[in-house]
Amino acid sequence: MTKVLGMGNALVDIITRIDDDSILKGFGLPRGSMTLVDLDTSNYIHSETAGMSKSKASGGSAANTIHGLAHLGIETGFIGKVGDDDMGKFFKKDMQVNKIKPILFRSMNETGRAMALISKDSERTFATYLGAAVDLTAEDISQGIFKGYDYFYIEGYLVQDKEMFEKAMRLASVAGLKICLDLASYNIVADNITFFKSMISEYVDILFANEEEIRSLTGKTPEDGAREISEICKLVVIKLGAEGSFCICEEGMVRIGVRPSKAIDTTGAGDLYAAGYIYGHMKGFSAEVCGKMGAILSGRIIELIGAKMDESHWENLRREITALEN
């Protein structure tokens with residue numbers, strides 16, 4: 001059976017629905033971005049939104065994708081770093097409950113958490129305290145971790161430690177894994193253009209990005225930017241939200257529509273899209289079918305709060321995916 005190993009910031013998502021976007025300005029958070037904050041700021045935002053509707057779930061971009069693949073029946077593992085605290089225990093237990101092999105290193109710092117502030121129109125703004133997640137280093141990553149896996153999925157947010165990022169890519173490549181990279185928030189991409197292009201050219205087999213991220217990487221429209229990156233990467237997948245998605249591959253440019261949905265919260269939409277697309281790719285389906293599988297998962301998750309679904313939702317989604325396979 002084909003297996004997928006994910007690696008990313010091990011975070012606990014604290015999802016909060018906000019009534020008015022003006023609160024974002026008060027926190028100094030650009031709407032729709034992911035902003036890194038310190039522990040005091042994270043606690044301040046948490047306390048200032050105490051009266052609003054909240055929920056908690058294990059999170060982080062790559063972890064969300066790995067959760068999706070696990071629920072589709074794929075054998076998975078996840079590399080990350082957590083603190084020796086209740087949130088760290090919560091994260092590990094959630095991995096195990098969802099049949100994901102946790103490869104979690106420990107830190108003296110508190111487990112990272114992402115304050116996900118959801119606007120009324122479902123836009124997400126993140127204030128992320130990386131905490132223990134940022135303590136994942138090159139020394140933690142060894143060749144043996146990659147043994148037995150076929151795909152390696154890594155999130156661009158790990159760019160905060162370029163040495164560790166490059167080492168993980170290199171060891172995965174040496175082990176013969178297909179490497180999938182999902183770019184980080186557009187502001188992080190803009191600060192690391194040269195490095196990302198180097199990693200994509202050297203190691204990446206499948207690149208995932210949204211409209212803002214590919215524009216930040218190339219300075220071009222999504223279509224022209226994807227064409228540019230396709231010169232150094234075999235498969236480029238661009239997520240356009242309500243406008244669907246497209247990819248540039250051996251088949252040329254393939255456009256994919258959306259699953260009809262009523263968006264409540266777009267948290268995890270791109271992550272679950274990647275899970276569906278990779279699942280289809282692992283099974284050998286065409287780019288169009290892979291994209292449709294991604295659209296099925298992303299179209300469902302935006303109808304719910306947070307990036308996780310219960311088993312009843314997954315049962316229905318697996319039936320939809322199976323229908324595409326036949």
Name the one of Met169, Met164, Glu155 that satisfies side chain to side chain contact (heavy atoms under 4.5 Å, CB included) with Met7?
Met164
Mind checking whether Ile193 and Ser216 have side chains closer than 4.5 Å, heavy atoms only?
no
Answer yes if the side chains of Thr2 and Tyr151 hold a donor-acceptor pair under 3.5 Å, and no otherwise.
no
With side chains defined as the heavy atoms from C-beta onward, is the minimum distance between Phe78 and Leu5 less than 4.5 Å?
no
Sub-4.5 Å side-chain heavy-atom contact between Lys234 and Val204:
no
Distance alone, cut at 3.5 Å: any donor-acceptor contact between the side chains of Glu75 and Tyr149?
no
Check: Ser201 side chain, Lys197 main-chain N or O, donor-acceptor pair, under 3.5 Å
no
Using a 6.0 Å distance limit plus a 45 degree cone around the ring axis, check whether Arg113 lies over the aromatic ring of Tyr129.
no
Presence of salt bridge, Glu163 and Lys167, under 4.0 angstrom:
no
Examine the side chains of Asp21 and Ser119 and answer whether a donor and an acceptor come within less than 3.5 Å of each other.
yes
Just by distance, no angles: are the side chains of Thr137 and Glu139 close enough, under 3.5 Å, to form a donor-acceptor pair?
yes
Just by distance, with hydrogens left out, do Tyr203 and Ser173 show a side-chain donor and acceptor under 3.5 Å apart?
no
Please report the C-alpha distance between Lys81 and Leu104 in whole Å, then the side-chain angles of each, then the deciding distance to 0.1 Å, and finally whether the side chain to side chain contact (heavy atoms under 4.5 Å, CB included) criterion is met.
CA-CA 5 Å; Lys81 201 159 197 172; Leu104 299 176; over 6 Å; no
Could you report the tightest heavy-atom contact between Val82 and Ala10, atom names first, then the distance?
CG1-CB, 3.7 Å
May I ask you to say whether Arg31 pairs ionically with Asp121, meaning some side-chain N is under 4.0 Å from a carboxylate O?
yes
Looking at Arg170 and Glu166, is any side-chain nitrogen of the basic one under 4.0 Å from a carboxylate oxygen of the acidic one?
yes
So if I apply the side-chain hydrogen bond (donor to acceptor under 3.5 Å, both in side chains) rule between Ser58 and each of Asp13, Asn64, Asp94, Asn98, which one comes out positive?
Asp94
Is a side-chain N or O of Asp85 found less than 3.5 angstrom from the main chain of Thr111, in a donor-acceptor match?
yes
Within the distance-only criterion (no hydrogens, no angle test), does the side chain of Asn9 pair as donor or acceptor with the backbone N or O of Leu11 below 3.5 angstrom?
no
Could you tell me whether the side chain of Ser42 and the main chain of Leu39 form a donor-acceptor pair under 3.5 Å?
no
Quick check against the 3.5 Å criterion: does Thr65 have a side-chain atom that pairs as donor or acceptor with the backbone of Asp271?
yes
Cation-pi check, Lys56 onto Phe90 ring (under 6.0 Å, within 45° of axis)
yes
Are any of the side-chain nitrogens in Glu325 or Lys283 under 4.0 Å away from the carboxylate oxygens of its partner?
no
Do Asp182 and Lys239 sit within salt-bridge range, that is, some charged N less than 4.0 Å from a carboxylate O?
yes
Under a 4.5 Å cut-off applied to non-hydrogen side-chain atoms, are Ile74 and Ile278 in contact?
no
salt_bridge(Arg259, Glu320) N-O dist < 4.0 Å:
yes
Between Arg215 and Glu211, is there a side-chain N and carboxylate O pair less than 4.0 Å apart?
yes
Is Ile321 linked to Leu272 within one hydrophobic cluster, defined over Ile, Leu, Val, Met, Phe, Trp and Tyr using a side-chain heavy-atom separation of less than 4.5 Å?
yes
For a 4.5 angstrom cut-off between non-hydrogen side-chain atoms, does Phe126 reach Leu117?
no
Would you kindly say whether Thr16 and Lys54 are connected by a side-chain donor-acceptor distance under 3.5 Å?
yes
Is the distance between the ring centroids of Tyr279 and Phe285 under 6.0 Å?
no
